[in-house]
Amino acid sequence: MKAKVHVTLKTGVLDPQGKAVQHALHSLGFAEVGEVRQGKFIELETGESDPTKARAAVEEMCKKLLANPVIENYSIEVEG
Amino acid sequence: MKAAVIVFPGSNRDRDMLMALERAAGKPPLAVWHGDADFEPVDLIVVPGGFSYGDYLRAGAMAVHSPIMREVAKRAQAGVPVLGVCNGFQILTEAGLLPGALLRNARLKFVCRDIHMKVETAQSLFTAGYESGQVVRVPVAHHDGNYFADDETLDRLEGEGRVAFRYCTAEGEFDDTANPNGSIRHIAGIYNETKTVLGLMPHPENATDPQLGGTDVAALFDGLVAALH
């Protein structure tokens with residue numbers, strides 16, 4: 001069973017890369033673009049067949065490695 | 001003083017650190033490979049700079065789960081002094097041995113130059129050779145050195161005298177032009193609760209030899225040797 005994880009910087013944590021992308025979009029003529037926040041997308045095969053177990057396992061993975069809770073939030077999507 | 005320098009795949013300031021420690025202690029420190037789960041008892045553990053495991057996922061994130069870091073964490077908790085420099089600082093925050101995190105530099109550029117920092121307090125194992133408020137010149141070389149912690153953590157660090165160093169001008173003034181990476185409250189280095197663990201982004205090992213442009217931070221190593229001999 002596949003899982004998709006989005007890792008994003010918490011609100012209030014400066015995102016200089018997002019800011020640079022926003023400026024680049026403005027200079028390309030997308031003048032209406034507001035705040036841009038950049039994050040990570042991780043897709044993984046959980047090896048589980050039960051969605052509840054798969055989600056619980058990925059939750060543990062996020063806490064232990066995939067995200068840094070000091071600066072990042074995460075969201076998990078289990079497929080199937 | 002017997003010291004150990006932890007070496008990861010991708011460490012690149014480990015040899016500079018070994019040399020700085022040997023100059024101060026008069027004997028060569030131990031170099032400990034990341035895959036080792038144990039090493040002989042030492043008075044000081046150093047986690048050096050570099051790009052351990054290619055900075056994959058986040059700087060320092062992978063190194064935390066190496067066998068050697070479990071041992072380092074155990075000894076740090078038992079009170080063995082630990083110094084983390086640059087990537088070593090990132091690893092110590094990822095390991096939860098120091099609070100906060102190091103983000104991408106605010107101006108997005110890799111910064112490699114000499115900076116000035118103020119020694120906030122001489123009341124520590126690492127800074128006994130300095131006066132509180134003394135300004136020293138030291139190189140930085142990093143892409144992710146932008147220190148961040150929430151306000152509550154920052155207030156606690158300041159209240160407990162746990163800010164070790166702050167970026168400043170040569171005259172000791174705090175302003176944004178003297179802050180190379182956007183670190184919050186100009187923080188360059190911090191201590192843990194017992195002030196036995198120090199993490200900092202600048203490279204003290206590269207400010208100990210006149211041939212490398214300065215010796216302002218030799219006193220940090222000399223002070224450690226005096227305290228831990």
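Keep in mind that this is a model prediction, so the values were computed, not measured.
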Quick check on B:Leu103 against chain A: is it the side chain, the backbone, both or neither that has a heavy atom closer than 4.5 Å?
side chain
Looking at B:Gly214, is its backbone amide N or carbonyl O close enough to the side chain of B:Arg137 to form a donor-acceptor pair, meaning the two atoms are under 3.5 Å apart?
no
My understanding is that only one of A:Arg37, A:Lys10, A:Lys40, A:Lys63 makes a salt bridge (charged side-chain N to carboxylate O under 4.0 Å, His left out) with A:Glu72; could you say which?
A:Lys40
Using non-hydrogen atoms only, which part of A:Leu14 is less than 4.5 Å away from chain B: side chain, backbone, both, or neither?
both
Is the cationic atom of B:Arg75 (NZ for Lys, CZ for Arg) positioned less than 6.0 Å from the six-membered ring centroid of B:Phe39 and within 45 degrees of its normal?
yes
Return the CG to CG distance between B:Leu220 and B:Leu200, rounded to the nearest 0.5 Å.
7.5 Å
Most chain B-contacting option - heavy-atom pairs closer than 4.5 Å, from A:Leu9, A:Val7, A:Val13
A:Val13
B:Asp150 versus chain A, the contacting section by heavy-atom distance below 4.5 Å:
neither
